[in-house]
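Encoded as structure tokens, the structure appears first; notes follow it.
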Amino acid sequence: MQSNGVGKPVVRPSRVGIAIAMLMTFSTLAACESGQGPRAGATSEETKTPGAEGRPLDKAELERVAVTHTDLGGYDVEQILAAPSASHRTADPAECAPVVQATGGSSGFTATARIGRMMSPRKDGPGTSMILASHSAGDATRVIDALRTAAKRCKTFMDIGVGFRYDEVAIQPDPGYGDESVSLRLTQLAADSVDDEPVRVPYAVVAVRQGATVAMFYEFNRPRGAGDADAPVVPEEIIKTQLNKLSKLAVPK
């Protein structure tokens with residue numbers, strides 16, 4: 001899988017560089033674990049038009065609406081693996097788990113289907129990863145609520161699986177995408193040991209619910225050297241193009 005950063009390698013590449021690169025695929029590893037089952041008791045209201053408040057999209061439909069390089073001039077688009085199971089990534093405090101899960105594009109809710117894409121600019125710049133997840137209408141709302149609540153409460157936490165701390169968690173102004181959305185920034189503190197000065201890796205996460213589909217966009221900037229990296233921004237062009245394709249599927253023929 002491609003790196004999400006460009007330029008010179010991080011100063012201490014041994015554990016730090018490997019772990020940062022692993023976070024690009026952590027959503028896959030977490031998603032492949034067995035998770036909570038689909039929500040029981042779905043009503044007839046959840047069998048409506050694809051992409052609407054009701055019926056969740058199946059994997060084939062998600063594949064059909066995912067952005068391609070044809071939709072995004074200036075980007076190469078490739079598939080990244082994602083499975084429907086809930087993420088088991090954990091945090092300390094535990095209530096911060098939805099935030100650390102979102103840094104890999106996933107959540108603690110099992111999806112009907114999940115697919116992933118990586119958008120890499122053909123010019124210099126970090127890449128953007130996206131995970132599209134189809135849920136019941138109720139669970140799609142819960143994914144956004146859980147992330148928003150955790151981001152408000154958690155200003156700093158530990159990613160237990162990797163052993164790195166995150167701080168400076170901050171909710172950004174609501175971008176107003178889809179039916180509801182949440183945007184946040186945070187910084188990963190990656191170090192080989194507790195005695196080392198950590199490498200600061202800033203992240204941006206934008207989660208959007210459109211009907212019963214949740215689109216998670218995430219991006220991080222590797223430091224180009226010993227200094228701090230610039231704050232990442234998920235390109236609006238990518239988000240709007242993806243949501244536009246998703247909306248077209250829900251329009252009756």
Side-chain angles (χ1 to χ4, degrees), residues 1 25 27-28 30-73 75-87 101-102 104-119 128-147 175 177-182 205-218 234-253:
M1 187 179 299
T25 58
S27 59
T28 297
C32 289
E33 299 174 356
S34 60
Q36 62 195 65
R39 189 172 65 86
T43 68
S44 60
E45 289 299 308
E46 296 180 356
T47 59
K48 292 182 180 179
T49 308
E53 284 293 335
R55 180 174 73 78
L57 305 180
D58 60 30
K59 185 174 181 180
E61 289 168 325
L62 288 180
E63 294 283 1
R64 192 158 71 246
V65 298
V67 291
T68 69
H69 66 276
T70 303
D71 304 310
L72 291 169
Y75 289 87
D76 291 320
V77 180
E78 61 179 316
Q79 294 185 12
I80 55 178
L81 191 61
S85 302
S87 172
Q101 291 163 357
S106 192
S107 73
F109 293 84
T110 297
T112 301
R114 269 196 186 96
I115 65 168
R117 294 293 185 270
M118 172 73 175
M119 285 71 69
T128 298
S129 296
M130 176 193 70
I131 303 294
L132 286 180
S134 183
H135 296 272
S136 68
D139 276 357
T141 299
R142 293 181 188 101
V143 169
I144 300 298
D145 287 346
L147 178 57
Y177 296 126
D179 295 321
E180 58 178 332
S181 55
V182 58
V205 175
V206 178
V208 184
R209 181 182 68 82
Q210 189 150 305
T213 302
V214 174
M216 288 256 195
F217 305 87
Y218 59 103
V234 177
E236 186 175 54
E237 174 190 11
I238 292 176
I239 298 174
K240 286 188 172 181
T241 300
Q242 179 56 75
L243 296 180
N244 184 53
K245 288 194 73 173
L246 188 58
S247 296
K248 288 181 178 178
L249 185 66
V251 175
K253 300 297 183 182

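Because the structure is a prediction, the values reported are computed rather than measured. Computed from heavy atoms alone, side chains included, the values below leave out hydrogens, waters and symmetry copies. Residue indices begin at 1 and follow the sequence shown.
Separating the CD1 atom in Ile115 from the CG atom in Leu81 is a distance of 11.5 Å, to the nearest 0.5 Å. Separating the CD atom in Glu61 from the CZ atom in Arg64 is a distance of 5.5 Å, to the nearest 0.5 Å. Separation of atoms CE (Met119) and CD (Glu78) is listed at 10.5 Å; rounding is to 0.5 Å. Of the inter-residue distances, the one linking Gln210 atom CD with Leu249 atom CG reads 10.5 Å to the nearest 0.5 angstrom. A distance of 4.5 Å separates CZ in Arg209 from CG in Asp179, rounded to the nearest 0.5 Å. Atom-to-atom distance recorded for Thr128:OG1 and Ile239:CD1 is 8.0 Å, nearest 0.5 angstrom.
In this structure the side chain of Met118 reaches within 4.5 angstrom of the side chain of Ser129, judged on heavy atoms. Side-chain contact between Thr213 and Val65 is absent, with no heavy atoms from C-beta onward closer than 4.5 Å. Taking 4.5 Å as the limit, some side-chain heavy atom of Glu180 sits within range of a side-chain heavy atom of Thr141.
Across all non-hydrogen atoms, the minimal contact from Tyr177 to Glu236 is OH-CG, 3.3 Å. The two residues Gly108 and Gln101 have their closest heavy-atom pair at N-OE1, 3.0 Å. Closest heavy-atom contact between Arg114 and Ala86: NH1-N, 4.4 Å. Counting all heavy atoms, side chain and backbone alike, Ser107 lies closest to Val143 at OG-CG2, 3.7 Å. Considering all non-hydrogen atoms of both residues, Ile131 and Gly104 come closest at CG1-O, 4.0 Å. A pairwise comparison of heavy atoms in Leu72 and Val77 identifies CD1-CG2, 4.4 Å as the closest pair.
Applying the salt bridge (charged side-chain N to carboxylate O under 4.0 Å, His left out) test to Lys59 and every residue at least two apart in sequence or in another chain returns nothing. For Ser181, the side-chain hydrogen bond (donor to acceptor under 3.5 Å, both in side chains) partners are Asp174, not counting sequence neighbours. Qualifying side-chain hydrogen bond (donor to acceptor under 3.5 Å, both in side chains) partners for Asp145, counting only residues two or more places apart in sequence or in other chains: Arg148. In this view, Glu63 and Arg117 satisfy the side-chain hydrogen bond (donor to acceptor under 3.5 Å, both in side chains) rule, not counting sequence neighbours. The side chain to side chain contact (heavy atoms under 4.5 Å, CB included) search around Ala215 returns Leu132, Phe217, not counting sequence neighbours.
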Notebook entry, point to check: What do the steps show when you test Val205 against Val182 for side chain to side chain contact (heavy atoms under 4.5 Å, CB included), and what is the final call?
Noted result: CA-CA 8 Å; Val205 175; Val182 58; over 6 Å; no
Margin query: What verdict does the side chain to side chain donor-acceptor pair (under 3.5 Å) test give for Thr68 and Asp71, after you've listed the backbone C-alpha separation in whole Å, the side-chain angles of each residue and the deciding distance to 0.1 Å?
Written below: CA-CA 5 Å; Thr68 69; Asp71 304 310; 3.2 Å; yes
Next item on the list: Could you go through the side chain to side chain contact (heavy atoms under 4.5 Å, CB included) check for Val214 and Phe109 one step at a time?
Entry: CA-CA 11 Å; Val214 174; Phe109 293 84; over 6 Å; no
